[in-house]
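Beneath this line is the structure, given in structure tokens, with notes to follow.
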There are 2 protein chains.
Amino acid sequence: MTKKSHDTVRLSMQERIETGEWALGALIPGEVELAAEYGCARTTINRALQALANNGMLIRKRKGGTRVCEMPVRQAKFAIPIVREQVEATGNKYSHKVLSSILKAPPAPVISRLNLHPKDKAFYLETVHLADNRPFAYEERWVNLKAVPTILTAPLSEISANEWLVKSVPFSSGDVVFSAINADQKIANSIEATLGTAIFVVERTTWYKKEFITTLKLFYKEGFQLYTRL
Amino acid sequence: MTKKSHDTVRLSMQERIETGEWALGALIPGEVELAAEYGCARTTINRALQALANNGMLIRKRKGGTRVCEMPVRQAKFAIPIVREQVEATGNKYSHKVLSSILKAPPAPVISRLNLHPKDKAFYLETVHLADNRPFAYEERWVNLKAVPTILTAPLSEISANEWLVKSVPFSSGDVVFSAINADQKIANSIEATLGTAIFVVERTTWYKKEFITTLKLFYKEGFQLYTRL
DNA sequence: AAATATATTATGTGCATACATAATAGCAAT
DNA sequence: ATTGCTATTATGTATGCACATAATATATTT
């Protein structure tokens, strides 16, 4: 009992929420009261309550007190998919092959997504990711050279553009869109799928401090599943 | 300077990581040293560092000190999709229609997923979610009656099973799988799609304290996209 | 009654202090 | 060299205290 009291308190409170002792939307006792009940300092209670509030289980207001969140929004966290790890997680050997890499003017949607001027060129890469030498995913990527000019000299046949960028611009932010499309001829060829097969698609755009780095589409081989836990 | 110092400190440190002043994998100064540098108490530094560690940017070890995470895993958070909110977010009016609801013995995969005995029956629901009276998603759901017997008396034509369950078993946990399939005849009919169209699928299983509540598959109308931010 | 000022209250934050704990480094004994 | 003890060190946790801040309730004024 002499250890990790804030943890114990937090878990206890979480249970009180989950069991409904503290009902949805209900006002729970104040910090001082809880401190007395649990026999610890208000600081400790505060820490536990803030953690639960971060978690979305509680909503806290000055003076108004703390209440259980009315519309509980469970949020899932998942790691941004790095293809090599996805492959290795299945126990297969990862490799990749660069199909093409050229400098050219991107189409309009990419220009706007990377915030480029209409005449700017960008670096375009087509890559196939392989699991035990069989196609796993096909990637189309645009890189903003103004942000990462050094990628032109990167050894992209050894290290994938994805990983090279992660190491060069480590803590960028971005957005991700998941969707499903029917394979067109190009995709079908790249991952050895039948024309029209349902393909899981991930589009990702990343930037670093308002400067856009890269945007890409990943087309996964049929049967691919993305797993997450809440 | 008299306000939210832990916040300021945290943001400052985050910047030092992002700009590479504290490089990937590098050991950063100890708490006392940082406290001296920032001119605040060690407690405040500790709070900021712990927040960044929670975020996955730092890795902390007793004695070993704190270092920048070598393999930065950006993690996305997203709210577990509640169909009604997805529809309303697009500015459309939500409604739903229950196609069928019966008590019957589930197929083997569902039995194992819901941890049922082979002869147990479960509650099976087919629902279509509508946006402005046009199909938006088709849902197949199994509910474990041992866990939530009262669902049999719930007014499921007014409130969707999803929302009813969220309110009854508010803080359950679960897992989610995303994938893509080609529409079969049943799905195609339900959401007015063409046979073979690529369909975005979400499978979700939720439980509460080791007891399984429900498992469901959601088939979204073609063109659906799930958006997330890192 | 409506508008304004004031007191009250619950949470938010920062600090100094004390002790706990895990992991390492260094030393000693075999 | 290997093993095992011990000291050191950086982080982890808990507490008491003081003051800040936001939101509400109450009293006061017009």
Side-chain angles (χ1 to χ4, degrees), chain A residues 1-17 21-73, chain B residues 1-17 21-73:
Chain A
M1 189 59 103
T2 57
K3 39 186 311 200
K4 290 205 192 189
S5 130
H6 76 267
D7 222 67
T8 315
V9 170
R10 201 194 67 239
L11 291 171
S12 160
M13 292 179 175
Q14 186 164 341
E15 179 141 347
R16 293 170 88 161
I17 296 169
E21 179 188 337
W22 289 344
L24 276 192
L27 194 69
I28 74 172
E31 294 187 346
V32 276
E33 194 175 336
L34 288 168
E37 183 192 330
Y38 281 101
C40 64
R42 183 172 79 92
T43 316
T44 305
I45 299 292
N46 182 277
R47 187 169 173 179
L49 289 173
Q50 290 211 21
L52 290 173
N54 269 344
N55 226 15
M57 301 184 87
L58 295 177
I59 295 184
R60 320 196 69 198
K61 266 192 204 160
R62 278 172 164 145
K63 169 77 181 180
T66 303
R67 52 183 65 236
V68 181
C69 183
E70 289 226 46
M71 247 301 290
V73 178
Chain B
M1 185 63 102
T2 57
K3 42 189 303 201
K4 293 208 191 187
S5 130
H6 76 268
D7 223 65
T8 316
V9 169
R10 200 193 68 241
L11 291 172
S12 160
M13 291 177 175
Q14 186 163 341
E15 179 140 345
R16 292 170 87 161
I17 295 168
E21 179 188 338
W22 290 344
L24 275 192
L27 192 69
I28 74 171
E31 293 187 346
V32 275
E33 195 176 335
L34 287 168
E37 183 192 328
Y38 281 101
C40 65
R42 185 171 79 90
T43 317
T44 306
I45 298 293
N46 183 278
R47 186 167 175 181
L49 288 173
Q50 290 210 24
L52 290 173
N54 270 343
N55 228 11
M57 300 185 86
L58 294 177
I59 296 186
R60 320 196 69 197
K61 267 192 201 159
R62 276 173 165 145
K63 170 76 181 179
T66 303
R67 53 183 66 235
V68 181
C69 183
E70 290 225 45
M71 248 301 291
V73 179

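Both backbone and side-chain heavy atoms feed into the values below; hydrogens, waters and symmetry mates do not. First the proteins, then the strands, lettered A, B, ... as listed; each starts at 1.
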For this session: Give B/Gly30 one of three labels, base, sugar-phosphate or nothing, depending on what nucleic acid heavy atoms sit under 4.0 Å from its own.
Result: sugar-phosphate
For this session: Please step through side-chain hydrogen bond (donor to acceptor under 3.5 Å, both in side chains) for the pair A/Asn46 and A/Gln50, ending with a clear verdict.
Result: CA-CA 6 Å; A/Asn46 182 277; A/Gln50 290 211 21; 2.8 Å; yes
Problem set entry | B/Asn46 side-chain N/O to D/dT13 phosphate OP1/OP2 under 4.0 Å | no
Exercise. Taking the nucleotide of DNA chain D with the closest heavy atom to each, which residue, A/Asp7 or B/Val32, is nearer the 5' end?
Worked result: B/Val32
Exercise. Below 3.5 Å, does any donor atom in the side chain of B/Arg62 face an acceptor in the base of C/dT21, or the other way round?
Worked result: yes
Problem set entry | Side chain of B/Lys63 (C-beta onward), nearest among D/dT9, C/dG12, D/dT15 | D/dT9
For this session: Let me know, please, whether B/Arg47 or B/Gly64 comes out on the 5' side of the other along DNA chain C by nearest nucleotide.
Result: B/Arg47
For this session: Under 4.0 Å between any heavy atoms, over every strand shown, what does B/Thr43 touch: base, sugar-phosphate, or nothing? Just pick one.
Result: base
Problem set entry | Nearest-Å distance for atom pair CD1/P, residues A/Ile45 and D/dG16 | 12 Å
Seminar exercise, completed: Side-chain contact check for A/Cys40: nearest option of D/dT15, D/dG12, C/dT13 is D/dT15
For this session: Can you tell me the distance, in whole Å, between the CG atom of B/Leu27 and the C1' atom of C/dA23?
Result: 14 Å
For this session: Return yes if some donor-acceptor pair links the side-chain N/O of A/Arg67 with the main-chain N/O of A/Gly25 below 3.5 Å, else return no.
Result: yes
Exercise. Is the shortest distance from a Lys or Arg side-chain nitrogen in A/Glu31 or A/Arg60 to a carboxylate oxygen in the other one below 4.0 Å?
Worked result: yes
Exercise. Under 3.5 Å, is there a donor-acceptor pair between the B/Tyr38 and B/Thr44 side chains?
Worked result: no
For this session: Please state whether the base of D/dG12 and the side chain of B/Arg42 form at least one donor-acceptor pair under 3.5 Å?
Result: yes
Problem set entry | N or O in side chain of A/Thr66 less than 4.0 angstrom from C/dA10 OP1/OP2 | no
Exercise. Given atom CG of A/Leu58 and atom P of C/dG12, what is their separation to the nearest angstrom?
Worked result: 10 Å
